[in-house]
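Any value given below was found using the heavy atoms of this structure, including those in side chains, with hydrogens, waters and symmetry copies removed. Here the structure is a predicted model, which is why all the values come from computation and not from measurement.
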Amino acid sequence: QVQLVESGGGLVQAGGSLRLSCAASGRTFSNAGMAWFRQAPGKERDFVATIRWSDGSTYYADSVKGRFTLTRDNAKNTVYLQMNSLKPGDTAVYYCATDPTGWGSRSKYGYGFWGQGTQVTVSS
């Protein structure tokens with residue numbers, strides 16, 4: 001089993017920054033990666049970004065490209081989502097996810113393991 005624990009959420013003003021962390025324990029999948037999704041009230045869970053453990057390759061959703069940066073620390077089995085220039089539209093619960101079958105999926109259905117989520121609220 002894999003356990004994912006997110007941290008770092010909170011309340012920030014528009015234009016501010018937050019850094020989210022996701023620590024993985026238990027089984028980890030060295031050939032795979034980690035992803036972040038977010039879900040606003042009444043909306044679908046949307047892809048934000050993903051990173052591959054082996055070489056740090058990343059993909060971002062267009063809505064966050066240039067503002068968010070995803071990095072990883074393999075020794076700590078932890079990924080970090082640095083979020084800059086935050087907008088009220090970024091308000092959501094942010095979830096990290098992983099799956100043994102690979103990496104790079106932008107669909108929530110591509111991930112079998114999820115964290116509990118962390119709330120990010122951006123005020124205008």
Side-chain angles (χ1 to χ4, degrees):
Q1 280 287 29
V2 177
Q3 293 80 43
L4 303 177
V5 178
E6 301 101 333
S7 61
L11 172 64
V12 64
Q13 289 187 332
S17 298
L18 283 174
R19 189 177 82 154
L20 305 183
S21 300
C22 177
S25 61
R27 288 184 62 193
T28 55
F29 310 118
S30 59
N31 293 328
M34 297 281 281
W36 285 93
F37 286 75
R38 65 187 182 185
Q39 188 167 17
K43 295 189 175 181
E44 292 290 319
R45 189 170 296 189
D46 293 330
F47 170 78
V48 175
T50 185
I51 189 166
R52 183 159 58 183
W53 283 118
S54 60
D55 63 1
S57 296
T58 52
Y59 289 146
Y60 296 93
D62 289 343
S63 59
V64 306
K65 203 172 293 183
R67 299 188 298 122
F68 291 12
T69 302
L70 185 53
T71 58
R72 92 276 191 224
D73 184 333
N74 292 52
K76 295 181 179 180
N77 289 330
T78 300
V79 297
Y80 304 96
L81 183 66
Q82 178 66 43
M83 306 186 295
N84 298 328
S85 302
L86 283 162
K87 306 173 182 179
D90 295 317
T91 295
V93 177
Y94 283 69
Y95 298 91
C96 65
T98 190
D99 196 85
T101 59
W103 83 289
S105 173
R106 302 184 188 207
S107 169
K108 62 183 179 182
Y109 301 109
Y111 297 89
F113 297 93
W114 293 84
Q116 81 288 351
T118 185
Q119 176 71 47
V120 171
T121 303
V122 184
S123 63
S124 58

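To the nearest 0.5 Å, atom OG1 of residue T69 and atom OH of residue Y80 are 14.5 Å apart. Here F47 contributes atom CZ and Y60 contributes atom OH; the two are 9.5 Å apart, rounded to the nearest 0.5 Å. Between the OG1 atom in T98 and the CE atom in M34 there is a gap of 5.5 Å [rounded to 0.5 Å]. The line from SG of C96 to CD1 of I51 is 12.5 Å long, rounded to the nearest 0.5 Å. In this structure, CZ in R38 is found 9.0 Å from OG1 in T91, a value given to the nearest 0.5 Å.
Of all non-hydrogen atoms in S123 and L11, the two that sit nearest each other are CB-CD1, 4.3 Å. Nearest heavy atom pair, residue L18 against residue G8, reads CD2-O, 3.9 Å.
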M83 and V120: CA distance, side-chain angles, deciding distance, side chain to side chain contact (heavy atoms under 4.5 Å, CB included) verdict:
CA-CA 10 Å; M83 306 186 295; V120 171; 3.9 Å; yes
Please evaluate residues Y95 and L4 with respect to the criterion side chain to side chain contact (heavy atoms under 4.5 Å, CB included), reporting the C-alpha separation (whole Å), side-chain torsions for both, the decisive distance (0.1 Å), and the verdict.
CA-CA 9 Å; Y95 298 91; L4 303 177; over 6 Å; no
Stepwise, does the side chain to side chain contact (heavy atoms under 4.5 Å, CB included) test hold for T71 with Q82?
CA-CA 8 Å; T71 58; Q82 178 66 43; over 6 Å; no
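Using the six-membered ring where Trp is involved, Y94 and F68 have ring planes that are tilted, between 30° and 60° apart.
Partners of D55 under the side chain to side chain contact (heavy atoms under 4.5 Å, CB included) rule, at least two apart in sequence or in another chain, are R52, S57.
A distance-only check finds no donor-acceptor pair linking the side chain of E6 to the backbone of L20 [under 3.5 Å]. No side-chain donor-acceptor contact under 3.5 Å links D73 to the backbone of T78. A donor-acceptor pair is defined here as one N or O able to donate and one able to accept, closer than 3.5 Å; such a pair exists between the side chain of R72 and the backbone of W53.
Ring centroid separation for the pair Y111 and F37 comes in under the 6.0 Å cut-off.
Salt bridge present: D62 and K65 bring a charged side-chain N and a carboxylate O closer than 4.0 Å.
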